[in-house]
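Single-structure report; data block below.
In each ligand, atom 1 is the first atom listed, and ligand 1 is the first ligand listed. For this chain, numbers begin at 1 and follow the sequence in order. The analysis underlying the following values was restricted to heavy atoms, covering all of them including side chains, and did not include hydrogens, waters or symmetry mates.
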Amino acid sequence: MAILIDGKAVSQKVKDEVRAEIERDKLSIGLAVVIVGNNQASRVYVNNKKKACEVCGIKSFEYALPEETTEEELLELVDTLNEDKNINGILVQLPLPKQINEEHIIERISPLKDVDAFHATNVGKIMIGNYAFLPCTPAGVMELIHSTGTEISGKECVVIGRSNIVGKPMAMLLLHENATVTICHSRTKDLAEVCRRADILVSAVGKADFVTADMVKEGAVVIDVGMNRDADNKLCGDVRFDEVEKKASYITPVPGGVGPMTIAMLMKNTLMAKRIQG
Ligand code: GUN
C-alpha cells in the first residue's frame with residue numbers, strides 16, 4: 001500500500017520559510033492578483049492565493065474585472081502594474097474570457113514581475129536551467145518527490161500531458177535532476193506500456209479516472225496534478241486512486257497533494273521577485 005504524500009504539510013513548510021525570510025529582512029512585498037470574469041474555479045484559486053499571501057506576510061491587491069473586459073483594457077492594467085513600485089509580482093489568473101488573447105497578456109507582464117514564470121523570457125531561462133522564477137506547479141511536484149527521499153537521478157520519469165504550464169516545464173525540471181524523461185500526450189502509441197516503465201509517473205491530463213492500475217509499475221511514485229470533478233461533482237485527480245494506491249510506493253491525494261504546493265511556490269516566486277527587483 002502506498003504512503004500518502006502530504007502536500008498540505010510540505011506546502012506549509014515552504015510558506016513558513018518564506019514568511020521567516022520576509023520577517024527577518026523586514027521586506028515589504030506586494031502581489032497583484034488579477035481575475036477576469038466569473039469562472040468559479042478561478043475564484044477559488046484566487047481566494048486561496050490571497051490567503052497564502054496573508055500567511056506569508058505578503059500584501060495582495062485584487063483586481064476583479066468584468067467578463068466583458070477587452071484585451072486593450074487588460075493590457076492597460078498590466079502596464080500600470082508593471083510601473084507600480086509597490087507591486088513586485090503580477091498574477092493574471094487563467095483562463096481568460098475568449099475575447100482576450102492569453103499570450104498577448106502574458107507577454108506584456110514584465111519578466112521581472114512574472115511570478116507564474118509564463119513569460120517566454122522566463123520559459124527560456126527554465127529551458128536553459130538558469131532561472132530565478134520557478135514554474136509553480138512543476139516546482140511544487142519536485143518538492144513533493146524530494147519529500148519522499150526518492151532519488152531522481154537516472155530514474156525513468158513519465159509525464160502525461162504537454163501543456164506549457166505543467167507538462168513541458170515538468171519534464172525540464174526532472175531532466176535538470178538527471179532523470180530519463182518521456183512526455184506522453186493524446187497521440188502517444190500504447191500509453192499504458194510507456195507509463196508502466198515509469199519509476200516516477202506524473203499525470204497532468206485533466207481527466208478523472210485516466211490513470212488506471214495497469215498503467216503503473218509496482219513501487220512507482222505517482223504524482224497526480226489533475227483537478228477534476230467526478231460524477232458527484234466531487235474534486236478528484238487524474239488517477240484512479242483506490243486501485244493505484246495498492247501498487248505505488250508513494251502517491252499524492254487530490255485534494256491535498258499538488259494543489260497547495262502550486263500556491264506555496266507562487267509565494268516563493270513573489271519573494272524572489274522582490275529580491276531580483278532590488
Ligand atoms: N490557471 C490554472 N493554473 C494557473 C496558474 O498556475 N497560474 C495562473 N495565473 N492561472 C492558472
*Does atom NZ of Lys247 have more than 12 heavy-atom neighbours from other groups under 6.0 Å away?*
yes

*Decide whether Ser163 and Lys168 meet the rule of one side-chain donor and one side-chain acceptor closer than 3.5 Å.*
no

*Quick one: do Arg275 and Asp25 make a salt bridge, cutoff under 4.0 Å?*
yes

_Shortest protein contact, atom 9 (N) of ligand 1 (heavy atom only)_ = Asp116 OD2, 2.7 Å

*If you measure every N/O of Leu94 against every N/O of ligand 1, is any gap under 3.5 Å?*
yes

*Applying a strict 4.0 Å limit to heavy atoms, is Phe118 in contact with ligand 1?*
yes

_At under 4.0 Å between heavy atoms, is it the side chain or the backbone of Val92 that contacts ligand 1, or both, or neither?_
backbone

*Would you confirm whether Lys268, through its side chain, and Ala264, through its main-chain N or O, come within 3.5 Å as a donor-acceptor pair?*
no

_Looking only at side-chain N and O atoms, does Lys85 offer a donor or acceptor that is under 3.5 Å from a partner on Gln277?_
no

*Nearest non-hydrogen atom to atom 2 (C) of ligand 1 belongs to which of Met227, Gln93, Met265?*
Gln93

*For ligand 1, is there an atom lying under 4.0 Å from some heavy atom of Thr137?*
no

